[in-house]
Amino acid sequence: MAPRVLHWFRTDLRLHDAPALVKGLELKPEAFFPVWAWDPYFNFDCPVGPNRYKFLLESMKELDGKLNKMGNKLHVFRAAPTDLFPVLLKQWKITHLVYERDPAPYAIERDESIKKIAQDANVEVVDIVGHTLYDTDAVVEKHKGEPLTSAQALKSAVKGMEIPRPPQAPKEVPKADDLHLDAIKKEVKHFKPEHDVNEEHRKGKMTAYDSVTGPKDSLEPPTLAELGYDEKEATTSIPGGEDEALRRLNNWMEDKDATATFRKPQTSPSEYDPPATTQLSPYIKFGALGVREFYWRVNDVMDEYDGETSSEPENLPGQLMFREMYFAAQLGVGKAYTQIRGNKICRVIDWKLCNAYDEDGEQIIPRPKGPKEDEEMLEKWKHGNTGFPFLDAAMRQLKQEGWMHHLARHCVAGFLTRGQLYISWERGAEVFDRYLVDRDPGSNAGNWMWLSCSCFFAQYFRNYGMTTFPAKYDKSGKLVRKYCPELKDFPDKFIYKPWEAPEDVQKKAGCIIGKDYPEPMVDEKAANKECMGKMKEQYAKKQYGDSLLKRKAK
DNA sequence: CCAACAGTTGAAACT
DNA sequence: CAGTTTCAACTGTTG
């Protein structure tokens, strides 16, 4: 029987460096069906703001356009994959289901179900590594099945493993044939949400799931309006799509000095136009940029470079290695990786506003509110109203652009958790999940554990100064002047600490502290001292998240 | 087993 | 006075 291939796009919205796509095409299918399942899980169980949707939709649209030129299209269905695939496989007489492997816990569980469905339908599943540089399963196996928690451990584990060169982008794809949409519409279960963690974004009516095939059987992705989101709130200036990803990559690679001598800790978090880092993370997240393409392009530039190059972990390949490490940590821990409870690598600290669980150990969604005072502190942090200009600028940039420089993420994360507010990193990760365009559960939860000294990093007495840290990179307060415009006329001297400016300076700047911009919400030094004392106590317990489960079992 | 060391900082004490 | 060095509430990895 001639192969009939369903290519399931998930982490690979691209044609270049697409090993799974190439593999499917090598089967020489008589019919080829590119599919995207608009999965309710990502819409109702994961926090997601308008910017990430905008970026995703642009990336999907561009890929769809490229497939159109080759006489095909990206067929978007609005259903849970487990409801959708049994029907598609049958109606389209699929012989091979092909996809790029996704090493996140939700994806693994989902794909296991899909594999069973495929097996029952006598369909061969072809899953190919491509979202990561290394095969994450192999990395964790090499580490005796344990999660990896250091760059060094990753280095040892991947010794001898090759990173393949990316394959060429296909120039043509076979056509799909009869879609049998009427039968599909009849057979696929209609989805109704039980809960919705994104209510705060849905100002309009949510019609996205009214039909499995979309309005007029268009098989288009839902618009922001269909999701009930306000399009005006999608304010990011980072455009989605593979073309833009490659344009940005090429642009960076042309600057051989910057590429070959890149040192992350020395890049300024105050630069925003353009930023001091590559800002390629959103593209990698959705697979608009192939990570192996990025890796090899950087490597080639560094190989050919005459001068002295920077080294890991500070250089560009080193950044990608952190990503690999987080994936390998996440895979080793499993579903509990994004929370404290049940997470064996995560230190238990008596943070405020931790996740809540019912008697069966299921997380209660939405989370019941904590003490009013704590919730108010979280809100101030979330919306950039803490009274610390650099922190507020960074948080407002996050909300507006869906992106923040890595070192600014350090600064705001330190403040929320071990630095000043002593609020659980779970809350911080949730806010980042909501607003980041590049949100990836492995890297995001991983970095939050790192910054809160819950795992990966332990020197809790190394703290970020809300005024000193930004000043190290930029005395002029560029980022503050851009994202906290009410402070833009303060002199440099006071830009990170306007509350210290004398009254006449505040008047001249047209901004009275406590009226036009908030007073600092805490005494930075005093709060930090208190936090460090608590961290010392909590560290002495030497307790990890898996112990919370054991106690429960008794 | 132990020692050395690295780990995306800050502040104070130094040249 | 600007730039550099040192130490400070620790832990995990490596040899």
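Chain identifiers are assigned alphabetically (A, B, ...) following the order of the sequence lines, protein sequences preceding nucleic acid strands; residue numbering begins at 1 within each chain. All values below were derived from every heavy atom in this structure, side-chain atoms included, with hydrogens, water molecules and symmetry-related copies excluded.
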Task: Most 5' of A/Gln152 and A/Arg462 on DNA chain C, judged by nearest nucleotide - done: A/Arg462
- [ ] Specify the residue among A/Asn528 and A/Ala153 whose closest nucleotide of DNA chain C lies further upstream toward the 5′ end.
- [x] A/Asn528
[N] to [M] separation - [atom1] atoms, rounded to the nearest Å:
N      : M      : atom1 : answer
C/dC10 : B/dC1  : P     : 22 Å
B/dC5  : C/dT6  : P     : 15 Å
C/dC1  : B/dG10 : P     : 23 Å
C/dA9  : B/dC2  : C1'   : 23 Å

Open item on the list: Going 5' to 3' along DNA chain B, which are the first and last nucleotides with any atom under 4.0 Å from a heavy atom of chain A?
Closed with: B/dG7 to B/dA11
Open item on the list: So A/Arg418, base contact, sugar-phosphate only, or nothing? Heavy-atom distance under 4.0 Å.
Closed with: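 No contact.
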- [ ] Scan A/Phe456 against the nucleic acid and name what it touches under 4.0 Å (heavy atoms): base, sugar-phosphate only, or nothing.
- [x] nothing
TODO: Report the secondary structure of DNA chain B in dot-bracket form, marking unpaired bases with a dot and bases paired to a different strand with |, and treating Watson-Crick or G-U pairs with both distances under 3.5 Å as paired.
DONE: .||||||.|||||||
Task: NZ/NE/NH1/NH2 to OD/OE distance under 4.0 Å, A/Arg10 and A/Asp111 - done: yes
Open item on the list: Regarding A/Asp438 and A/Arg323, does a basic nitrogen lie under 4.0 Å from an acidic carboxylate oxygen?
Closed with: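 Looking at A/Arg323 together with A/Asp438, the answer is no, because their closest N to O distance does not fall below 4.0 Å.
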Open item on the list: Is the distance between the ring centroids of A/Phe42 and A/Tyr106 under 6.0 Å?
Closed with: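 Between A/Tyr106 and A/Phe42, the centre distance is under 6.0 Å.
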TODO: Output all residues satisfying side-chain contact (heavy atoms from CB on, under 4.5 Å) with A/Gln279, sequence neighbours left out; order by chain, then residue number.
DONE: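 Testing A/Gln279 for side-chain contact (heavy atoms from CB on, under 4.5 Å), a comparison that skips the adjacent residues, returns A/Ile238, A/Arg248, A/Pro275, A/Trp403.
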Open item on the list: Under 4.0 Å from OP1 or OP2 of C/dT11: is there any side-chain N or O of A/Lys542 that close?
Closed with: yes
